[in-house]
Protein chains: 2
Amino acid sequence: MQQDKIILAIVDDHPMVIEGLKSLLKSETAIYTSVSFTKGREFISFLSQNEVNLVFLDISLPDANGIELCKEIKKISPKTIVLGLSNQTERSMMLQMLQSGASGYLLKNVSPDELLTCIQEALHGLITFSREAKEIMGRPSKAGLNEVASVTKREKQILQLLAQGKTTAAIATELFLSPLTVDTHRKNLLQKFEVKNTAELLMAAVHQKLL
Amino acid sequence: MQQDKIILAIVDDHPMVIEGLKSLLKSETAIYTSVSFTKGREFISFLSQNEVNLVFLDISLPDANGIELCKEIKKISPKTIVLGLSNQTERSMMLQMLQSGASGYLLKNVSPDELLTCIQEALHGLITFSREAKEIMGRPSKAGLNEVASVTKREKQILQLLAQGKTTAAIATELFLSPLTVDTHRKNLLQKFEVKNTAELLMAAVHQKLL
DNA sequence: TTAAAAATACCTAACTATAGGTATAAAAAA
DNA sequence: TTTTTTATACCTATAGTTAGGTATTTTTAA
């Protein structure tokens with residue numbers, strides 16, 4: 001193995017992705033040399049006996065959890081730079097990767113230029129993201145930050161009954177309440193979620209995983 | 001262009017996937033020649049002026065709906081064989097593709113061998129799937145069986161606007177329709193889903209992954 | 001090229017929800 | 001123990017939805 005070259009590893013269960021990455025790296029073959037793995041475990045055992053400068057880690061492997069794998073990699077070889085690689089556009093997933101020691105995150109729609117830039121940045125000790133990942137990280141995400149409208153026990157109950165298509169009157173009967181009270185709760189829910197009607201309210205509740 | 005070669009097109013917004021596929025096809029470069037597109041529209045305009053034997057179509061493109069694109073392709077050039085290509089493991093999605101004229105479906109974790117086999121099968125007029133896609137198609141799936149209320153294009157559109165809390169009047173304005181027409185669509189939706197009101201309707205739609 | 005499905009539009013009347021309030025008792029927190 | 005939040009209940013109007021229909025045109029599929 002040529003000691004002067006930078007060693008990149010690719011861990012992904014999709015041969016197509018592996019080939020794609022390698023192909024995108026072909027122009028820089030003088031600088032980088034690459035190895036690839038379709039199983040997390042295979043990479044781990046390779047890593048314990050070989051040096052790897054940077055690894056592209058697919059976070060959704062069939063045989064292992066990306067987050068755990070990332071932690072393991074950093075434990076075995078803290079010098080190895082990990083870049084998350086996935087189609088998952090969930091901000092929370094990206095954050096979890098970073099928390100587990102990753103130096104960046106690439107979405108699989110990364111362009112060839114971006115890819116090379118990201119590798120450079122990462123190797124220089126910088127945090128790096130592909131364009132779209134940057135955008136996602138940029139928005140603090142309504143679901144994540146802005147404090148899930150806190151719903152009281154009663155309100156949650158009413159939400160559930162609304163989701164079953166029940167009317168104010170039906171809900172009142174079911175909960176032994178005055179219809180007027182149910183109405184008040186509904187009004188409060190609409191205000192809390194800043195929505196105009198029940199339809200929008202339920203969708204908001206779904207997005208906040210309350211239903 | 002060499003008339004004797006089989007022309008394969010790749011439509012995918014991920015350059016990495018395009019490169020990966022091309023790379024996997026490299027061994028058969030004597031038989032196949034390939035062109036690639038990152039936008040659905042680009043491929044459509046190419047197709048209207050060139051012959052294409054087979055196209056790998058990513059069903060989740062940012063600029064177009066895979067199902068619609070597939071239909072359009074078969075309309076312009078019925079001889080062109082369409083193979084769905086995606087990470088989506090939803091049986092219903094695969095069925096929709098087949099219904100729209102596709103001859104098969106490959107998941108992106110397809111192995112090099114499978115890929116070549118699938119291309120051969122497809123070119124010989126057979127329906128074909130990658131290994132995992134086959135497995136998914138094999139299980140009739142609980143969600144799939146219990147009759148997913150088939151929703152028309154217009155109805156889906158209206159569902160989406162309802163989910164945004166829009167009223168009949170607002171929807172009518174937005175879609176340049178009579179409010180009475182929107183009302184009819186809403187009534188049909190309520191019937192199809194066998195629900196009492198919009199709240200229940202939206203929840204049903206969510207559970208069927210229409211929203 | 002038919003037949004079926006989808007999209008369009010209309011009517012009436014009853015029902016339900018929403019917007020604007022106010023107010024008080026009971027739990028929970030501070 | 002006081003303050004805040006939650007849960008309860010009410011009033012007046014207006015806005016919007018739903019239940020019963022019928023019917024024509026335009027697309028799509030057989």
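Chain A is the first sequence line, chain B the second, and so forth, proteins listed ahead of strands; every chain is numbered from 1.
- Inter-residue side-chain proximity for B:Val11 and B:Thr38 is flagged as unmet; no heavy-atom pair is nearer than 4.5 Å.
- Side chain B:Thr184 to base C:dC10: a donor-acceptor pair is found below 3.5 Å.
- Comparing B:Ala199 and B:Lys153 by the nucleotide of DNA chain D whose heavy atom lies nearest to each, the residue mapping closer to the 5' end is B:Ala199.
- The nearest whole Å value for the distance from the CG atom in B:Leu190 to the P atom in C:dT16 is 14 Å.
- Comparing D:dA9, D:dT17, C:dG20 by their nearest atom to the side chain of B:Thr168 picks out D:dT17.
- Per the geometry, CG belonging to A:Asn197 stands 10 Å off P belonging to D:dT18, to the nearest Å.
- Between the P atom of C:dT8 and the CG atom of B:Leu189 lies a distance of 13 Å, rounded to the nearest Å.
- Around atom NZ of A:Lys74, more than 12 heavy atoms belonging to other residues, nucleotides or ligands sit under 6.0 Å away.
- Out of C:dC10, D:dT8, C:dA19, the shortest distance to the side chain of A:Leu177 is found at D:dT8.
- A straight line from NE2 of B:His185 to C1' of C:dC10 spans 13 Å, rounded to a whole angstrom.
- For A:Arg154, the listed nucleotide lying nearest its side chain is D:dA7; candidates were D:dT18, D:dA7, C:dA9.
- Listed nucleotides: C:dA9, C:dA7, D:dT17. Nearest to the side chain of B:Thr152: C:dA7.
- The nearest whole Å value for the distance from the CG atom in B:Leu180 to the C1' atom in D:dA19 is 15 Å.
- For A:Lys156 and D:dT6, the NZ to P distance is 13 Å, given to the nearest whole Å.
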